[in-house]
Amino acid sequence: MQNTVDLPANAQSYTSTPDWQQKKGQDQFGEDGINSSNVAMSATESGTTNKQAQKADPFVKKGISEPSIVDVVLPYATSAKDGVKRLGHIVETKGSAENNDVIFSDKNSIWYMEIGSGHHWAAVRVPNKVCGNS
């Protein structure tokens, strides 16, 4: 049985870039995208996880993974911070199948998020000076 995520009824339109390593016969999925609220995200930054973290909280075989992150988060994010909260909630409640680094941005902020284990994640807002905003 596969984990499922309830999707809100109020999905926004969005555009995404297909994964560049698509192989014939595989489902296509988005690497990154932008929605009608001008929230952008990149969700295919693979990372590594500490062995101790994996022992304490292993990845969930049927948890959220790279091919579904853009499709289940971006249509529902109204801000960069909102995208972090939505994906974080999914990781906490459904689990993650793998380590991923995700970037969310909007006109006011950029957030960097890491999924470090089956149910744990961390995110930080990139300071304005780094973003070029004052």
Side-chain angles (χ1 to χ4, degrees):
M1 179 184 215
Q2 189 126 27
N3 248 342
T4 60
V5 175
D6 292 330
L7 300 176
N10 60 339
Q12 301 174 70
S13 61
Y14 69 102
T15 301
S16 65
T17 306
D19 179 52
W20 70 279
Q21 292 183 323
Q22 291 294 311
K23 295 183 175 119
K24 191 173 185 172
Q26 285 184 332
D27 289 337
Q28 187 166 324
F29 66 91
E31 284 191 7
D32 54 53
I34 188 165
N35 70 20
S36 56
S37 291
N38 288 320
V39 176
M41 71 181 291
S42 173
T44 55
E45 305 300 324
S46 299
T48 60
T49 299
N50 180 302
K51 288 180 183 180
Q52 291 174 321
Q54 272 300 285
K55 188 175 181 182
D57 182 23
F59 288 120
V60 177
K61 187 175 183 176
K62 295 180 181 177
I64 193 162
S65 61
E66 191 174 278
S68 59
I69 290 176
V70 170
D71 294 331
V72 301
V73 176
L74 189 57
Y76 310 100
T78 57
S79 69
K81 187 175 183 179
D82 187 46
V84 170
K85 288 179 179 180
R86 177 163 174 75
L87 181 53
H89 178 74
I90 292 168
V91 169
E92 290 171 6
T93 59
K94 301 292 186 175
S96 178
E98 58 199 10
N99 171 271
N100 280 296
D101 304 334
V102 183
I103 301 165
F104 293 94
S105 66
D106 59 30
K107 68 179 184 173
N108 298 311
S109 63
I110 298 171
W111 284 82
Y112 173 76
M113 178 180 191
E114 286 189 7
I115 301 170
S117 65
H119 299 90
H120 291 86
W121 59 275
V124 62
R125 185 180 184 274
V126 177
N128 283 346
K129 288 182 182 180
V130 176
C131 299
N133 298 334
S134 43

Can you pull out every side chain to side chain donor-acceptor pair (under 3.5 Å) where at least one residue sits in residues 75-84? Sequence neighbours excluded, please.
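Matches after skipping sequence neighbours: Thr78-Asp82.
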Euclidean distance, [Y] [atom2] relative to [X] [atom1], rounded to 0.5 Å:
X     : Y      : atom1 : atom2 : result
Ile69 : Leu87  : CD1   : CG    : 5.5 Å
Lys94 : His119 : NZ    : NE2   : 10.0 Å
Met41 : Asp106 : CE    : CG    : 13.0 Å

Using side-chain heavy atoms (C-beta onward) and a distance below 4.5 Å, is [X] in contact with [Y]?
X      : Y      : value
Lys107 : Ser37  : no
Asp101 : Tyr112 : yes
Val102 : Trp111 : no
Ser117 : Gln54  : yes
Val72  : Leu7   : yes

Which atom pair, heavy atoms only, marks the closest approach of [X] to [Y]?
X      : Y      : value
Gln12  : Ala77  : NE2-O, 2.9 Å
Gly118 : Val60  : O-CG2, 4.2 Å
Ser109 : Arg125 : CB-NE, 3.3 Å
Val84  : Phe104 : CG2-CD1, 3.6 Å
Leu74  : Gly33  : CD2-C, 3.4 Å

[X] side chain to [Y] main-chain N or O, any donor-acceptor pair under 3.5 Å?
X      : Y      : answer
Glu98  : Phe59  : no
Ser68  : Ile64  : no
Thr49  : Gly116 : yes
Asn100 : Ile115 : no

Verdict with reasoning, Tyr14 to Val39, per side chain to side chain contact (heavy atoms under 4.5 Å, CB included)
CA-CA 9 Å; Tyr14 69 102; Val39 176; over 6 Å; no
